Amino acid sequence: MNKRYFGLAIALSLFFPVSVGADAGGPDFFRVVDVASNDVLNIRTQPTARSAIIGIIPPNGNGIQNLGCKGGLSYAQWQAASPAEREAARKRVWCQIYYRGVNGWVAGWFLAEGSAP
């Protein structure tokens with residue numbers, strides 16, 4: 001699969017709301033993307049930037065277990081949305097993850113498909 005279609009598949013998988021108790025949609029494992037080399041991705045207690053930080057993932061982090069994502073658009077909404085609406089919705093996706101002993105939430109727009117640890 002070429003990179004453009006692969007990226008679209010990942011983006012679509014992150015747009016579909018998934019309840020926390022449901023099976024995780026999308027890839028089994030994530031990796032960190034678009035985080036500066038001198039920064040980290042914060043793991044939070046709740047799916048909001050205002051919640052407490054309970055851990056961090058380095059900018060080259062990989063093997064982040066996907067426990068499900070929520071927020072964003074449904075598939076029907078995504079199909080009807082403009083490119084600007086799709087980009088804005090992408091910034092509302094939060095994913096519950098497990099990484100090196102920490103279970104919490106990270107901003108989904110900093111994740112892409114990764115590999116198992």
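Nothing here was measured: the structure is a model prediction, and the numbers come from that model.
Clustering ILVMFWY residues whenever any of their side-chain heavy atoms sit less than 4.5 angstrom apart, transitively, puts Val102 in a cluster other than the one holding Val40.
Looking at heavy atoms from C-beta onward, Val33 lies out of side-chain contact with Val35 at the 4.5 angstrom threshold. Using a 4.5 Å heavy-atom threshold, the side chains of Asn42 and Ile57 count as separate. Considering only heavy atoms from C-beta on, Tyr99 stays 4.5 Å or farther from Gln65 through its side chain. With contacts defined as side-chain heavy-atom distances shorter than 4.5 Å, the pair Pro59/Leu41 does not qualify. For the pair Arg86/Trp78, a side-chain contact is recorded, criterion being any heavy-atom separation below 4.5 Å from C-beta on. Under the 4.5 Å side-chain criterion, counting only non-hydrogen atoms from C-beta, Cys69 is not in contact with Gln96.
Between Ser51 and Thr45, the shortest heavy-atom contact is CB-OG1, 3.4 Å. Nearest heavy-atom pair across Gly108 and Cys95 is CA-SG, 4.0 Å. Looking at every heavy atom in both residues, Glu113 comes nearest to Pro27 through CG-CB, 3.5 Å. For the pair Trp105 and Gly68, the tightest heavy-atom approach, listed with the atom from each and the gap, is CZ3-O, 4.3 Å. The shortest non-hydrogen separation linking Trp109 to Lys91 is CZ3-O, 2.7 Å.
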### Task
Please test Arg92 against Leu73 for side chain to side chain contact (heavy atoms under 4.5 Å, CB included), starting from the C-alpha separation and ending with a verdict.
CA-CA 9 Å; Arg92 293 191 301 266; Leu73 302 173; 3.9 Å; yes
### Query
Does the side chain to side chain contact (heavy atoms under 4.5 Å, CB included) test come out yes or no for Leu67 and Tyr98, once each step is laid out?
CA-CA 7 Å; Leu67 302 178; Tyr98 180 81; 4.1 Å; yes
### Message
If you apply the rule side chain to side chain contact (heavy atoms under 4.5 Å, CB included), what do you find for Ile53 with Ile43, and how did you get there?
### Response
CA-CA 6 Å; Ile53 296 170; Ile43 304 172; 5.9 Å; no
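Distance alone, capped at 3.5 Å, places no donor-acceptor pair between the Gln79 side chain and the Ala76 backbone. A donor-acceptor pair under 3.5 Å is absent between the side-chain atoms of Glu87 and the main chain of Ala84, judged by distance alone. Using a distance-only test at 3.5 Å, with no hydrogens or angles considered, a donor-acceptor pair links the side chain of Arg44 to the main chain of Ala49.
Among the candidates Val32, Ile97, Ile64, the single residue satisfying the side-chain contact (heavy atoms from CB on, under 4.5 Å) test with Val106 is Ile97.
Rounding to the nearest 0.5 Å gives a distance of 10.5 Å between CH2 of Trp94 and CD of Gln46.
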